[in-house]
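Working notes, beginning with the structure itself.
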Amino acid sequence: MDGWKGTHSFYLYRIHLCILKIIGLPVNYINKGGASRFQSMTCFPTTNGNRKRGGPFTRKKWFCVLILCMFSHDVVAKTVRRNVLFIMADDLRPTLGCYGDPIVKSPNIDQLASKSNVFLNAYAQQAVCGPSRTSLLTSRRPDTTRLYDFNSYWRVHAGNYTTLPQYFKSKGYTTMSVGKVFHPGIASNHSDDYPYSWSVPPYHPPSFKYENMKVCKGSDGKLHANLLCSVNVSETPLGTLPDMESTEEAIRLLKSTRDSGKNFFLAVGFHKPHIPFRIPQDFLTLYPLDKMSLPPDPDVPKGLPSVAYNPWTDIRKREDVQALNISFPYGPIPKDFQLQIQQHYYASVSYMDSQVGRLLNTLDYLGLAEDTVVVFTSDHGWSLGEHGEWAKYSNFDVATRIPLMFYVAGVTAVRPWPETFPYINVFGPTPHRFTRGGTVRNVNELLDIFPTVSVLAGLKPPLPCPDNSFDVELCTEGHDLAYTFNNDDNRKKSEAIAFSQYPRPADTPQENSDLPDLKDIRIMGYSLRSWDYRFTVWAGFDPASFQANLSDVHGGELYLLEEDPGQDHNLYNTSEHSLLLCKLGQGKQPWAQTLKQHLLYLTAGNKSKGMA
């Protein structure tokens, strides 16, 4: 898995090409797999004993192959420490060209994806910022961090868990944070977990303090705290916006660390497309309203249990939404305003993409792209009117599914081009139609990032956590995905499952349903996402003991994804499941294992009936 360090990759690539021409093999023997793939495919080519002297593999050519394989093995065998550039967007669903969205303009992220391993079915463990980010950065599930809201610090209330940047810091890396990486406030000890996780104090853009103030010019000419907030940047407080400031600081840090001689772990958290949509107004021109359309399922599904619905209270608090006088909890939002929300969300994605492009271009310009693992992801998704819902706060795919990609020079891409990440102006014509690099279609989780990036950077991954890991400082509840990077086997793995969960205060939507405090949680929605199914059980939950009672079922959801990819037709009440779930709920095994057994039972039963 170790790649080719520094500029060596370019020269080794040219040497490989020359030797391939000598021995008569096609140039495409070297592709995105780099040295490791060449080693596995060409060191021991099949020969035919009847071949005559002077055929494709003469002694001279065999000698060239032997030299090449020895050279490649020497490079691959060395442990190489790579830098890490960890980029995280906020509230970004896979609304990207590289994920097949036909409308969005995201050329810089698409370019990164074309040179990365892209995971098409990755899911967050809870669709809200604080719990998801803490889960990702500790590689522990919310039931292990015991953070379901924003009001506790895992080191105090759960366990002294080692974080991803802290692990790299312990290995001699300079670790740096820019923008929103940890969720600010109590959830990260009002310090972004400094000094545990970071070598230097984290940077927060000064202009962010204006984010939720009355800075949005309304149709009345006055300033409001709106949801829709496109601005003339020169007229904003400080004359800039948070993500612009974060990009500038990240570029400064890249320049300052280039010649330090130490490996770095730089985490950059962009605030968009999180609401309010305070973005440069020019980006709206990319998405004329007459090109926007409502989702195919804009209504609340008839079979959706009321406990599953999120009433999008954070959106309702914005002045422009309050002026619409929308009924609680189901609305709906007027159609013309729905289209404006979509327009602003897409424009926010393009604005964020332009910042990612500037950052990656600097990484390349400084000569660091060959030595740096680049990770791009988000903390969770965001509903755009599907199921009559907006924002996050649910267990549906639109709220839990996220983009995830890893770039590693020499492994996910070789470099025959002059620039790895040239900046692409989102307002101009895209010079290329980028396709995805390597793709993994099987289900994965944000928990998997910690062990995977550790391996890709040249470190040992944390060991798997035991069943009870509250006293274990360093372990992972995720899986190392590095094995997939030279593996073209994308066959369906029905046993691959992503786990998500979401708390509720009551069976029906309340003012605090989207984000209940721990003391108010009475129900926990535990959800499993496999290749074929989305299966959710809403069970009674005791916030004092952090325990769920799977025999106390308040509602359930079951969606067959091949027939119902939008998750609009709930089959839970038509399935034979109740007695089995009660029986499994009486056991002492963890909820995840219990529900997994139940899902396997449903899978077997439905397949026998021809339902899957």
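For reference, positions follow the sequence shown, starting with 1.
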Is any side-chain heavy atom of Leu481 less than 4.5 Å from a side-chain heavy atom of Val440? no
Considering all heavy atoms of both residues, which atom of Thr484 and which atom of Asn117 are nearest to each other, and what is their separation? O-ND2, 3.6 Å
Using 30° and 60° as the class boundaries, would you call the ring planes of Phe182 and Trp198 parallel, tilted or perpendicular? perpendicular
Name the one of Arg133, His274, Gln126 that satisfies side-chain hydrogen bond (donor to acceptor under 3.5 Å, both in side chains) with Asp379? Arg133
Ion pair check, Lys272 and Asp90, cut-off under 4.0 Å: no
Would you call Asp371-Arg82 a salt bridge at under 4.0 Å N-O? no
Could you go through Ser527 and Glu557, starting from their C-alpha distance and side-chain angles, then the distance that decides it, and tell me whether this counts as side chain to side chain contact (heavy atoms under 4.5 Å, CB included)? CA-CA 9 Å; Ser527 190; Glu557 300 168 75; over 6 Å; no
Atom pair CZ/OG1 of Phe86 and Thr175 - distance to nearest 0.5 Å: 13.0 Å
Would you tell me whether Thr134 and Thr145 have side-chain atoms, one donor and one acceptor, within less than 3.5 Å of each other? no
Where Ala409 and Glu370 come nearest, the two heavy atoms and their spacing: CB-OE2, 3.6 Å
Kindly indicate whether the side chain of His380, heavy atoms from C-beta on, has any atom under 4.5 Å from the side chain of Thr400. no
Side chains of Leu515 and Phe150, heavy atoms from C-beta outward: is any pair under 4.5 Å? yes
Let me see the working for Leu241 and Val233 under side chain to side chain contact (heavy atoms under 4.5 Å, CB included), right down to the final yes or no. CA-CA 7 Å; Leu241 294 174; Val233 176; 4.0 Å; yes
Is it the case that Asp192 and His204 place a side-chain donor and acceptor less than 3.5 Å from each other? yes
Using a 4.5 Å cut-off on heavy atoms from C-beta on, say whether the side chain of Leu92 contacts that of Ile402. no
Can a salt bridge be assigned to the pair Arg529 and Glu445 using a cut-off of 4.0 Å between side-chain N and carboxylate O? no
Would you call Leu147 and Trp154 a side-chain contact if the rule is heavy atoms closer than 4.5 Å? no
Between the side chain of Arg93 and the main-chain N/O of Asp397, is any donor-acceptor distance below 3.5 Å? no
Calculate, to the nearest 0.5 Å, the distance between atoms CD and CG belonging to Gln166 and Leu164 respectively. 10.5 Å
Does NZ or CZ of Arg534 come closer than 6.0 Å to the centre of the six-membered ring of Tyr123, within 45° of the ring's axis? yes
Quick check with a 6.0 Å cut-off and a 45 degree axis cone: is Arg155 positioned over the face of Tyr196's six-membered ring? yes
Tyr153-Asp193 side chain donor-acceptor pair, cut-off 3.5 Å: yes
Determine, stepwise, if the pair Ser199 / Thr174 fulfils side chain to side chain donor-acceptor pair (under 3.5 Å). CA-CA 6 Å; Ser199 303; Thr174 298; 4.9 Å; no
Would you say the side chain of Phe277 lies within less than 4.5 Å of the side chain of Tyr346, judging by non-hydrogen atoms? no
With no hydrogens and no angle check, is any side-chain donor or acceptor of Asn83 less than 3.5 Å from a backbone partner on Phe264? yes
Do Asp517 and Asn512 pair up side chain to side chain, a donor and an acceptor below 3.5 Å, judged on atom types alone? no
Between Thr240 and Glu245, do the side chains contain an N or O donor and an N or O acceptor separated by less than 3.5 Å? no
Is it the case that Ser350 and Tyr287 place a side-chain donor and acceptor less than 3.5 Å from each other? yes
Would you check if there is a donor-acceptor pair between the side chains of Glu477 and Thr144 at a distance under 3.5 Å? yes
Measure the spacing between CD of Glu419 and CG of Asn361 and express it to the nearest 0.5 Å. 6.5 Å
Ile497 and Val443: side chain to side chain contact (heavy atoms under 4.5 Å, CB included), yes or no, with the steps? CA-CA 6 Å; Ile497 291 176; Val443 173; 5.7 Å; no
Lys317 atom NZ, neighbour heavy-atom count above 12 within 6.0 Å: no
Any donor-acceptor N or O pair under 3.5 Å, side chains Tyr148, Asp143: yes
For Ser383, is there any backbone N or O sitting under 3.5 Å from a side-chain donor or acceptor partner on Glu389? no
Would you check if the side chain of Tyr502 reaches a backbone N or O of Asp514 as a donor-acceptor pair within less than 3.5 Å? yes
Output yes when a side-chain donor or acceptor of Asp448 lies under 3.5 Å from a complementary backbone atom of Asp480, and no otherwise. no
I'd like to know if the side chain of Ser116 and the backbone of Val118 have a donor-acceptor N/O pair within less than 3.5 Å. no
For the residue pair Trp390 / Tyr393, report whether a side-chain donor-acceptor contact shorter than 3.5 Å exists. no
Is the backbone of Gln567 close enough, under 3.5 Å, to the side chain of His387 for a donor and an acceptor to pair up by distance? yes
Whether Asn189 side chain and Ser191 backbone form a donor-acceptor pair below 3.5 Å: no
Quick one: do Tyr345 and Trp382 satisfy ring pair (Phe, Tyr, Trp, His ring centres under 6.0 Å)? Show the steps, please. CA-CA 10 Å; Tyr345 185 89; Trp382 211 78; 5.5 Å; yes
Note, Leu85 side chain near Leu363 side chain (heavy atom, < 4.5 Å): yes
Please give me the minimum heavy-atom distance between Leu136 and Met88, naming the atom from each residue. CD1-CE, 3.3 Å
Between Ser246 and Asp243 (side chain of the first, backbone of the second, donor and acceptor by atom type, cut-off under 3.5 Å), is there such a pair? no
Test salt bridge (Lys or Arg N to Asp or Glu O under 4.0 Å) applied to Arg358 - qualifying residues, sequence neighbours left out: Glu248
Expected output: side-chain Asp320 to main-chain Leu227 donor-acceptor under 3.5 Å: yes
For Lys169, does the NZ atom have more than 12 heavy-atom neighbours from other residues, nucleotides or ligands under 6.0 Å away? yes
Decide yes or no for Val349 and Leu96: does some side-chain heavy atom of the first lie under 4.5 Å from some side-chain heavy atom of the second? yes
Is the cationic atom of Lys115 (NZ for Lys, CZ for Arg) positioned less than 6.0 Å from the six-membered ring centroid of Phe421 and within 45 degrees of its normal? yes
Of Phe168, Tyr167, Phe450, the one forming a ring pair (Phe, Tyr, Trp, His ring centres under 6.0 Å) with Phe265 is Phe168
Start with the C-alpha distance between Phe376 and Leu112, add both sets of side-chain angles, then the distance that settles side chain to side chain contact (heavy atoms under 4.5 Å, CB included), and finish with yes or no. CA-CA 9 Å; Phe376 179 83; Leu112 172 64; 3.8 Å; yes
